[in-house]
Protein chains: 2
Amino acid sequence: MMYSIVETLKKNQLSITDSRKKILELFVRSKGALAHADIEHESGTEFDRVTIYRTLQTFVEKGIIHTIPTADNSVRYALCKDACAGGHHHDDHVHFMCDDCGTTYCLDNISVPKLSLPDGFTISQTDVVVSGKCRKCRS
Amino acid sequence: MMYSIVETLKKNQLSITDSRKKILELFVRSKGALAHADIEHESGTEFDRVTIYRTLQTFVEKGIIHTIPTADNSVRYALCKDACAGGHHHDDHVHFMCDDCGTTYCLDNISVPKLSLPDGFTISQTDVVVSGKCRKCRS
DNA sequence: TATGCCAATGCAACAATGTTGCAAAATATT
DNA sequence: AATATTTTGCAACATTGTTGCATTGGCATA
Ligand SMILES: [Mn+2]
Ligand SMILES: [Mn+2]
Ligand SMILES: [Zn+2]
Ligand SMILES: [Zn+2]
């Protein structure tokens, strides 16, 4: 199970730049999801805020990371699986956000349930976000 | 099926003010969920932005309205059912947001499915938000 | 109905988050 | 190495949300 930063960038026809390498590396090393602010902190003053915004946007478009809806309406990002290449996302798993520590997990093994909706509604995407206490924070 | 604005405010021990009456009335009349900006538009320059924020916050605390997580991380609010009084929310229904018109619906009849999570995770809340096309927007 | 207390509002100031245009710098292509 | 293309940093701006404080208005009580 290894992840090659440069390979991923090349595979997605992105030029290899410092910011892209460093930011993608952060995601690979990180356990949970990252918010824009996390990245800004971790990388110090190395990159401009705008660059981080644009890099995240590019990664989402390419299917390298996906956004995670959260109960508190903050924006978080996490690595996609291989299946998401080419701008098409297939992250049909449940997300969990800890009420205590705020860590956001991709529960890759828990897939989102199929729902039947009232007549006239067509489904393009289903997001399930669970809140509660994570392993570390239950006391 | 009628909804008394003043009754609701009294029941929740809130003093009857213009902003509270008008904003609650907007929710009662509205089909879908409302964002802060919607309310700001609808009510013109009648109320200060800050008043709207504080009113929404109060309504959420009292269990008069609930927030809706959306895939695009914008904050929306919708009326609660009676069961939510006293600050305890029981809005265990699925939410739907139309990709075209942006209207956000409470699907009160579709309840969120029970999930089993990995060991160590405890669930306090489950949010399901579905995107797609609504009745009006399917072509 | 008038008095007075307390809660709610408006205003100003600020913080956080996100977007855009453009020149300079870095990367890719030849 | 020279050139063409992309990406970056900066500045300026827009939007969203928060806080403190003086003023206003609602409500209870007399
Ligand atoms: Mn995920
Ligand atoms: Mn709802
Ligand atoms: Zn935790
Ligand atoms: Zn629609």
Side-chain angles (χ1 to χ4, degrees), chain A residues 4-26 33-62 64-77 87 102 104, chain B residues 4-26 33-62 64-77 87 102 104:
Chain A
S4 165
I5 308 284
V6 172
E7 272 304 304
T8 303
L9 293 177
K10 279 187 181 161
K11 207 178 298 174
N12 288 281
Q13 300 155 56
L14 294 174
S15 45
I16 317 294
T17 68
D18 280 358
S19 48
R20 286 173 180 166
K21 277 190 288 186
K22 283 271 179 67
I23 292 174
L24 184 48
E25 199 188 346
L26 272 181
L34 297 175
H36 178 275
D38 297 327
I39 297 166
E40 210 173 330
H41 281 126
E42 296 272 350
S43 62
T45 58
E46 198 168 0
F47 310 116
D48 194 83
R49 254 162 28 82
V50 179
T51 301
I52 299 177
Y53 278 115
R54 291 197 267 228
T55 302
L56 290 171
Q57 193 178 296
T58 303
F59 285 178
V60 170
E61 280 162 9
K62 291 293 188 177
I64 298 172
I65 61 177
H66 62 275
T67 59
I68 302 177
T70 57
D72 69 345
N73 284 288
S74 62
V75 187
R76 313 230 167 175
Y77 305 86
T104 304
Chain B
S4 165
I5 308 285
V6 172
E7 271 304 304
T8 302
L9 293 176
K10 279 188 180 162
K11 209 177 297 176
N12 288 280
Q13 298 154 56
L14 294 173
S15 46
I16 317 293
T17 67
D18 279 359
S19 47
R20 285 174 181 165
K21 276 190 289 185
K22 283 269 177 68
I23 292 174
L24 185 47
E25 198 189 346
L26 272 181
L34 296 175
H36 180 275
D38 297 328
I39 298 168
E40 209 171 333
H41 282 127
E42 296 270 351
S43 62
T45 59
E46 199 169 0
F47 310 115
D48 193 83
R49 256 164 25 84
V50 179
T51 300
I52 298 176
Y53 278 114
R54 291 199 266 228
T55 302
L56 290 171
Q57 194 177 297
T58 304
F59 285 177
V60 169
E61 279 163 8
K62 291 294 188 176
I64 299 172
I65 61 179
H66 62 275
T67 59
I68 303 178
T70 57
D72 68 346
N73 285 288
S74 62
V75 187
R76 312 228 166 176
Y77 305 86
T104 304

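This structure is a prediction, so every number in the text was calculated from the model and none was measured. All values below were derived from every heavy atom in this structure, side-chain atoms included, with hydrogens, water molecules and symmetry-related copies excluded. Just so it is clear: chains get the letters A, B, ... in the order the sequence lines come, proteins before strands, and each one is counted from 1.
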Enquirer: Indicate yes or no for a side-chain donor-acceptor contact from A/Thr8 to the backbone of A/Ser4 under 3.5 Å, with no hydrogens or angles considered.
Expert: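 Yes; judged by distance alone, with no hydrogens or angles, the pair exists.
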Enquirer: Can you tell me how far C1' of D/dT6 sits from NZ of A/Lys62, to the nearest Å?
Expert: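 One finds 12 Å between C1' of D/dT6 and NZ of A/Lys62, rounded.
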Enquirer: Could you check which of C/dG10, D/dT8, C/dT19 has an atom nearest any side-chain atom of A/Ser19?
Expert: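 Per side-chain heavy atoms of A/Ser19, the pick is D/dT8.
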Enquirer: Is the phosphate of C/dA8 approached by B/Ser15 (side-chain N or O, under 4.0 Å from OP1 or OP2)?
Expert: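 B/Ser15 to C/dA8 OP1/OP2: side-chain N or O found under 4.0 Å.
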Enquirer: Counting only distance, no hydrogens or angles, is the base of D/dG17 paired donor-acceptor with the side chain of B/Arg49 under 3.5 Å?
Expert: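 Such a pair exists between side chain and base.
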Enquirer: Given C/dG10, is OP1 or OP2 found less than 4.0 Å from the side-chain N or O atoms of B/Thr51?
Expert: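 Result: yes.
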Enquirer: Atom CD1 of A/Ile16 to atom P of D/dT7: distance rounded to whole Å?
Expert: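 For the pair A/Ile16 CD1 and D/dT7 P, the rounded distance is 11 Å.
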Enquirer: Report the distance from atom CG of B/Asp18 to atom C1' of D/dT24, rounded to the nearest whole Å.
Expert: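 Result: 12 Å.
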Enquirer: Please step through side chain to side chain contact (heavy atoms under 4.5 Å, CB included) for the pair B/Val75 and B/Leu56, ending with a clear verdict.
Expert: CA-CA 11 Å; B/Val75 187; B/Leu56 290 171; over 6 Å; no
Enquirer: Just compare C/dC11, D/dT8, D/dC10 and give me whichever is closest to any side-chain atom of B/Asp48.
Expert: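 In terms of side-chain proximity for B/Asp48, the closest of C/dC11, D/dT8, D/dC10 is C/dC11.
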Enquirer: Look at the side chain of A/Asn12 and the backbone N and O of A/Leu9, then say whether any donor-acceptor pair between them is shorter than 3.5 Å.
Expert: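 Pair absent, no side-chain N/O of A/Asn12 close to backbone of A/Leu9.
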Enquirer: Between P on D/dC13 and OH on A/Tyr53, what's the gap in Å once rounded to a whole number?
Expert: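 The answer, rounded to whole Å, is 19 Å.
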Enquirer: Could you check whether any side-chain heavy atom of A/Leu24 comes within less than 4.5 Å of a side-chain heavy atom of A/Phe59, counting everything from C-beta outward?
Expert: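 Yes, close enough: below the 4.5 Å cut-off.
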Enquirer: Starting at CZ of B/Arg54 and ending at P of D/dG17, how long is that distance when rounded to a whole Å?
Expert: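 Going from CZ in B/Arg54 over to P in D/dG17 covers 15 Å.
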Enquirer: Which residue, A/Gln13 or B/His36, contacts DNA chain D at a nucleotide closer to its 5' end, judged by nearest heavy atom?
Expert: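 Mapping each residue to its closest nucleotide by heavy atoms, the 5'-most match is A/Gln13.
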Enquirer: Is the phosphate of C/dT9, meaning OP1 or OP2, less than 4.0 Å from a side-chain N or O of B/Thr17?
Expert: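 Yes, B/Thr17 has a side-chain N/O under 4.0 Å of OP1/OP2 on C/dT9.
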Enquirer: Keeping the roles fixed (side chain from B/Ser43, backbone from B/Ile39), state whether a donor-acceptor pair exists under 3.5 Å.
Expert: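 Checked: pair present.
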Enquirer: How many whole angstroms separate atom NZ of A/Lys21 from atom P of D/dT7?
Expert: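 So the two atoms are 15 Å apart, to the nearest Å.
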Enquirer: When the distance from CD1 of B/Ile23 to P of C/dA8 is rounded to whole Å, what number comes out?
Expert: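 Rounded to the whole Å, the gap is 13 Å.
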Enquirer: Does a side-chain N or O of B/Arg20 approach OP1 or OP2 of C/dA8 to a distance below 4.0 Å, or not?
Expert: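 Yes, such a contact exists.
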Enquirer: If the helix axis at each end comes from five base pairs, how far does the helix from C/dT1-D/dA30 to C/dT30-D/dA1 deviate from straight, to 10°?
Expert: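 One end's axis against the other's: 30°.
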Enquirer: Let me know the distance between CZ of A/Phe47 and C1' of D/dC10, rounded to the nearest Å.
Expert: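 In whole Å, D/dC10 C1' and A/Phe47 CZ are 16 Å from each other.
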Enquirer: What verdict does the side chain to side chain donor-acceptor pair (under 3.5 Å) test give for A/Arg20 and A/Thr55, after you've listed the backbone C-alpha separation in whole Å, the side-chain angles of each residue and the deciding distance to 0.1 Å?
Expert: CA-CA 7 Å; A/Arg20 286 173 180 166; A/Thr55 302; 5.3 Å; no
Enquirer: Describe the nucleic acid contact of B/Glu46 in one word from base, sugar-phosphate, nothing, applying a heavy-atom distance below 4.0 Å.
Expert: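 Sugar-phosphate, backbone atoms only, no base.
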Enquirer: Is the distance between the ring centroids of A/His36 and A/Tyr53 under 6.0 Å?
Expert: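 Yes, ring centres under 6.0 Å apart.
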